[in-house]
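Every chain is numbered from 1, with letters handed out A, B, ... down the list of sequences. Every value quoted in this text rests on a predicted model; they were computed, and no experiment measured them.
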Amino acid sequence: MTTLQDAAPPPGARTTGSRTTGSRASAALRLAGRRLAWALPLVVVISLAVFALAAVSPTDAAASFLGARDEFAGAAARQGVEGLLGDRHWLASWWEWVVGAPGGDLGWSTSVRADVGAVVAARLPWTLLLMVLGLALAAVLGVVLALVAALRPHGVLARVLAGGLWALSAVPSFLVATTLMAVLSLGLGWLPAGGLTDPGAPVTAAQVGRHLVLPVLAVALSQLPWIALHLHRATTDQLRTTSTEAARLRGVPERRVLARHVLPGAAVPTLAIAGARLPEVVAGSVLVEQVFGWPGLGQGLVQAALAQDFALLAAATVLLTGVALLGGLLADLALVRIDPRTDPDAL
Amino acid sequence: MRSDPYAPARPAIRPRPVGVITAARPRALPAGRVVAAAGLVVLVLYALLVPVLVPVDLDRVDYATGPTPPSLAHPFGTDLAGRDLLVRGAHGLRVSLVAALAGATGAVVLGYLVGAACALVGGRLDRWGMRVVDGVNAVPHLLLGIVVAAALRGSLLTIVLVVAATHWTQTARLVRAELLALGTRDFYRAAVSLGLTRRQVLRHHAAPRLAAQLAVALGLLVPHAVWHESTLTFLGLGLPPHQPSLGALLDLGQQALLSGAWWTLAAPAGLLVAVTLCLAGCLAGRTEDHHG
């Protein structure tokens, strides 16, 4: 009985016959290669666009570098700054940026006054930590809510959930973040309102963990609606399939039916959408970082934009786009792994 | 195999659904749609009428009043500078809706032009056009918006440009797919074989179908554009603070939150969410996976 069950293909699966595991793995590799080959020209175009926009920007680069000190800077100091910022064609600056980028030389950030490579290296891990934890929490919450709602389609929870999630999807992520901060931090005082650690405190796991709760919750809540709603629809469909019915009739325990027959099938359409939604996850985390003062790349991006620091802006934009593209690739690879029907060559 | 007596009989023609039942089926959520439409009307009237009925100098501050919680005199309360939030909210809604409508219209027009050009010219232009669409879609829209707003700082025109530049891709895809699908339809081929010119065919067969699609696309883009305006302004990259858009009010509200004036955030936040929900509710049922 158990062997039969284990040998049974996942619900709704068609056996692919001639395709062996080896050729499937190489097809997945081809998929990864194709995506990377597509990312390269995209990075070139994005960086070109940032440099071109910097060139057409009507604001005075020297003035934005000097900031409040602009009015006190003498002619000599001003000339020095202008010489430092360079008066070259934007294509020349772009070319220098491209040549230096592979070696880690991304230019000089005028807002942080540090090497862009160092700024990015210090900030990117915090962004990734926030995004991965936020998405993981959203996925766990989404699975639980979708299962509960699908198993009791006419229950109170299912109805409240549908309306609540729909309303939540209309709330921008910066409002979710501010509301969480207002209630849990400023109102109830349970959690710190922002930053990576308490002022002056060393970066320890306990400190970061406490400060991480609210940003992660904000990212998770702002991504929850689409995850939960798609999972709910897919779970409802999957519960009605004959294969689920057959598994129950064979006496497979309900828990195993849900874990092995329903959820993998329901995850497929959600994963297929996840790849396309990742740019929005990145955008959402930029806003959450800004609200909570989380020292990630998103906050760096906003600061760079406010200070017109185009070197950092270019690096942050390219890297965050890269995160979105890489995340999309991972989602598609997971799809290939879970669902034998997907053709890696068609993705 | 064919003589298998247990095989389910397959009718040659798919059974047609009984007309009466399908016709009598109500459209999705009619009550919800009515509520949403009514809400939208109320919001638009509020944005249009309140600034006219209560002419207040927006720049005048009243520190003697200061921040007061919602009361009968000030239903939404007053902000840190003692300015009435009911009036400022109406002005903000006005600015945001104008920016959003202009941006969404720009996006739909641009998308329509690109999509139609791709479908009608075809060939190399189509391939490259769709590649550009994929490229724009791959970059998070907010990032593009931040980059553009960083260079061309703070004006209504910048916001409109940003929204149009980042959101035309959906419409372009839609128009292209619709036109390509049209080419395979029998009535289209009949029209062509009757000797109608391309222009006539497009006017008679393509235009009405596209018009309906574009209207839905515009409706779906407006809440997204409101979101974009308020987000960019909230980050300090959009409209200047003296122009009370919803984003600017939210930004001030977040700062006022630290001094306990929660209503300064609640008023614009409530308006923003209400507008988004009402717009989405009006189009409920058509919005499925249309736009993220």
Side-chain angles (χ1 to χ4, degrees), chain A residues 38-39 41-42 45-46 49-50 52-59 166-167 169-175 177-179 181-183 186-187 193 226 230 273 276-284 286-287 290-291 298 301-302 304-310 313-314 316-317 320-321 323-325 328, chain B residues 32 131-132 134-154 165-166 223-224 226-228 230-232 234-237 246-247 250-251 253-255 257-260 262 265-266 268-270 272-281 284 287-289 292:
Chain A
W38 152 242
L42 193 67
V45 171
I46 293 172
V50 175
L53 275 169
V56 301
S57 174
T59 46
W166 188 64
S169 69
V171 184
S173 59
F174 67 89
L175 266 185
T178 346
T179 312
M181 183 157 89
V183 175
L186 301 175
W226 67 268
H230 278 114
I273 291 162
R277 291 295 289 223
L278 267 166
E280 280 176 52
V281 178
V282 170
V286 167
L287 290 168
Q290 178 67 13
V291 169
L301 174 86
V302 175
L306 285 170
Q308 304 209 307
D309 173 4
F310 288 100
L313 193 62
T317 313
L320 284 176
T321 308
V323 168
L325 287 176
Chain B
R131 233 173 245 179
V132 172
D134 284 340
V136 173
N137 277 349
V139 186
H141 288 167
L142 182 68
L143 296 196
L144 279 182
I146 288 177
V147 169
V148 175
L152 315 167
R153 185 61 57 78
T166 49
H224 209 72
V226 171
W227 179 90
H228 249 268
S230 58
T231 305
L232 281 177
F234 179 78
L235 292 176
L237 291 161
L246 284 184
L250 285 167
D251 190 16
Q254 200 212 353
Q255 292 164 24
L257 206 58
L258 293 169
S259 52
W262 55 267
L265 184 68
L272 179 61
V273 174
V275 158
T276 317
L277 278 181
C278 287
L279 278 168
T287 60
E288 309 255 304
D289 299 345

Legend entry - Pair Leu142(B)-Leu287(A), side-chain contact (heavy atoms from CB on, under 4.5 Å): steps then yes or no: CA-CA 9 Å; Leu142(B) 182 68; Leu287(A) 290 168; 3.9 Å; yes
Legend entry - Residue Ile46(A) versus chain B: region with a heavy atom under 4.5 Å: side chain
Legend entry - Residue part contacting chain B, namely of Leu325(A), when any heavy atom lies under 4.5 Å: side chain
Inset, instruction - Could you tell me which portion of Leu42(A) (side chain, backbone, both or neither) has an atom closer than 4.5 angstrom to a non-hydrogen atom of chain B? - result: side chain
Inset, instruction - Could you tell me which non-hydrogen atom of Ser173(A) sits nearest to which non-hydrogen atom of Trp227(B), and how far apart they are? - result: N-NE1, 4.4 Å
Inset, instruction - Quick one: which of Ala269(B), Ala274(B), Gly253(B), Ala149(B) has the most heavy-atom pairs under 4.5 Å with chain A, could you say? - result: Ala269(B)
Inset, instruction - Measure Trp226(A) against the heavy atoms of chain B and call it side chain, backbone, both or neither at under 4.5 Å. - result: neither
Legend entry - Top contributor to chain A contacts, counting heavy-atom pairs under 4.5 Å, from Val273(B), Asp134(B), Leu277(B): Leu277(B)
Legend entry - Proximal component of Asn137(B), with respect to chain A [non-hydrogen, under 4.5 Å]: backbone
Legend entry - Part of Leu144(B) lying under 4.5 Å from any heavy atom of chain A: neither
Inset, instruction - Identify which one of Val281(A), Leu320(A), Thr321(A) satisfies the side-chain contact (heavy atoms from CB on, under 4.5 Å) criterion when paired with Pro140(B). - result: Thr321(A)
Legend entry - Heavy-atom pair with the smallest gap, counting every atom of Pro172(A) and Leu272(B): CG-CD2, 3.6 Å
Inset, instruction - Measure distances from Val275(B) to the heavy atoms of chain A and classify the residue's part below 4.5 Å as side chain, backbone, both or neither. - result: neither
Legend entry - Nearest heavy atoms of Pro279(A) and Ala138(B), plus distance in Å: CG-O, 3.9 Å
Legend entry - Sole candidate of Val302(A), Leu301(A), Val291(A) that passes side-chain contact (heavy atoms from CB on, under 4.5 Å) when paired with Leu235(B): Val302(A)
